[in-house]
Amino acid sequence: MEGKIPEASIKCEARRTFLALCSPKTRLLHEPVSDPYLVCGHPNPAGLGDAGRFSQMGSWGQSSVLFPKLETYRTADKCGRAPYGGAEYGVPQTPEADAVCRKIAALHRGHGAVICPSGLSAIATTLDAFSPKAVLIPDNVYGPMLRFLNRRRIKPIRYPAGASADEFRSALLKARSEYSLREDLLVYIEAPGSGTFEIPDIDGMIAIAQNAKLRTVMDNTWASHVRFQPLERGIDIVVQATTKYEGGYGDTPSGIVIAKHPQDLQIIADELRATGNGAVAPMTCSRLYHRIDSTEERLNQHAHTAQRLIEWFLKQPFVTDVLSPTLETSPYHERFQRYFGKGNGLFSVVFPPDLPAKQVEAFVDALNLFWVAESWGGHLSLVLPVHAKREVTPLPDGYILRFHAGLEDYQDLLRDLNQAAGCL
Ligand SMILES: *Cc1c(COP(=O)(O)O)cnc(C)c1O
């Protein structure tokens with residue numbers, strides 16, 4: 001019996017050496033279980049990262065972390081970590097949260113990451129951490145972001161959806177005349193933008209922002225780490241609603257902030273510590289940790305199904321336009337190919353301005369597989385009207401519906417669309 005363990009340890013060592021030569025994807029898949037003795041042979045331990053060391057069940061989320069003596073408590077207090085791993089206080093940054101943050105930071109080649117309870121709270125945490133007076137935002141920014149800026153009295157300065165470098169430069173110059181200090185102005189990019197999916201000249205904007213020495217933040221929720229790595233292109237901070245494609249089933253409400261520079265990460269981590277907004281259930285983190293590995297396969301399936309649905313819509317007489325940068329006819333197709341290469345499950349359909357809203361809504365209500373719902377990125381197909389408030393970029397005329405293609409068999413989705421089209 002005793003001889004068995006060293007032998008097994010040798011095998012673990014060999015496995016680790018082998019894994020070190022594998023692709024990042026394979027390494028991330030095997031990382032938590034390269035030594036089966038640590039996890040009792042369970043490939044999916046509930047406790048990830050350091051949690052495995054102090055509880056095979058994972059930390060579940062608990063407030064008190066126990067110390068035998070004042071002295072051990074004081075040692076932990078200095079660095080914020082308990083001798084068992086994890087934090088000295090159990091509510092924020094559990095070992096599971098640490099594990100998922102390390103994984104996603106590695107995928108983005110960032111210095112590090114923090115996790116928040118939602119995508120919106122990841123955005124809010126980032127903005128609160130740097131507290132600018134004004135933010136340059138795209139006209140097609142995620143709606144709740146505007147509500148947040150308004151609430152914090154941060155001035156939104158809009159540049160056009162799908163801005164060219166010149167359009168962005170003139171918005172920036174105007175903003176700089178009023179906000180000349182670096183700390184007062186932040187550059188925010190979201191691409192493709194919400195609802196209508198315009199894509200700006202991201203590389204051009206980054207160059208202009210860097211020239212002006214401004215901090216850049218990008219909401220990368222549409223793309224996820226699979227389709228786009230903003231830090232590699234020169235962005236300073238990435239926010240992602242991991243509620244969407246990383247989690248994939250709508251059961252991982254969370255958001256991640258990934259920073260390229262250590263000093264930015266520290267400022268964001270300090271903000272989380274000050275507000276307590278970093279408390280995310282260990283179960284959510286464990287789910288996310290594993291789902292990240294299949295994001296690419298799921299995204300490809302969402303994208304494949306979306307293309308089949310788009311083809312169907314383009315053939316219908318009651319459709320004016322389909323908004324998707326994946327289409328060769330899209331004015332953003334060239335940028336789409338340069339930055340993202342492949343699509344996801346999202347696209348919007350524009351109906352003729354003279355088609356009564358009632359009829360479009362009857363079509364939506366006749367659908368069986370598409371649920372009317374907010375959020376997206378999960379296994380179920382969804383539909384929702386687009387009500388965007390644009391100030392500098394006109395919206396297409398007519399009723400607009402945003403669709404999200406789920407993981408259902410696309411033939412079933414097509415049958416559903418065909419039967420509902422009887423209303424139109
Ligand atoms: C959904 C979404 C968010 C917010 O995510 P939640 O987890 O729902 O708060 C942020 N940005 C974009 C682009 C989104 O689509």
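In listed order, ligands and their atoms are each counted from 1.
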- Item | Residue list, side-chain contact (heavy atoms from CB on, under 4.5 Å) with Pro253, at least two apart or on another chain | Thr284
- Val217 and Val187, any side-chain heavy atoms less than 4.5 Å apart: no
List ligand 1's nitrogen or oxygen atoms that come under 3.5 Å of a protein nitrogen or oxygen, with the partner atom and distance.
unit_1, atom_1, unit_2, atom_2, d
ligand 1, 7 (O), Gly119, N, 2.7
ligand 1, 7 (O), Thr243, OG1, 2.6
ligand 1, 9 (O), Gly119, N, 3.2
ligand 1, 9 (O), Leu120, N, 2.8
ligand 1, 11 (N), Asp219, OD2, 2.6
ligand 1, 15 (O), Lys244, NZ, 2.6

- Residue that, paired with Asp184, satisfies side chain to side chain contact (heavy atoms under 4.5 Å, CB included) out of Lys133, Arg176, Lys155: Lys133
- Below 4.0 angstrom, N of the basic side chain to O of the carboxylate: do Asp98 and Lys103 qualify? no
- With sequence neighbours excluded, what pairs up with Phe313 under the ring pair (Phe, Tyr, Trp, His ring centres under 6.0 Å) test? Phe347, Phe403
- Message: I'd like to check the salt bridge (charged side-chain N to carboxylate O under 4.0 Å, His left out) partners of Arg402; sequence neighbours left out, ordered by chain and number.
- Response: none
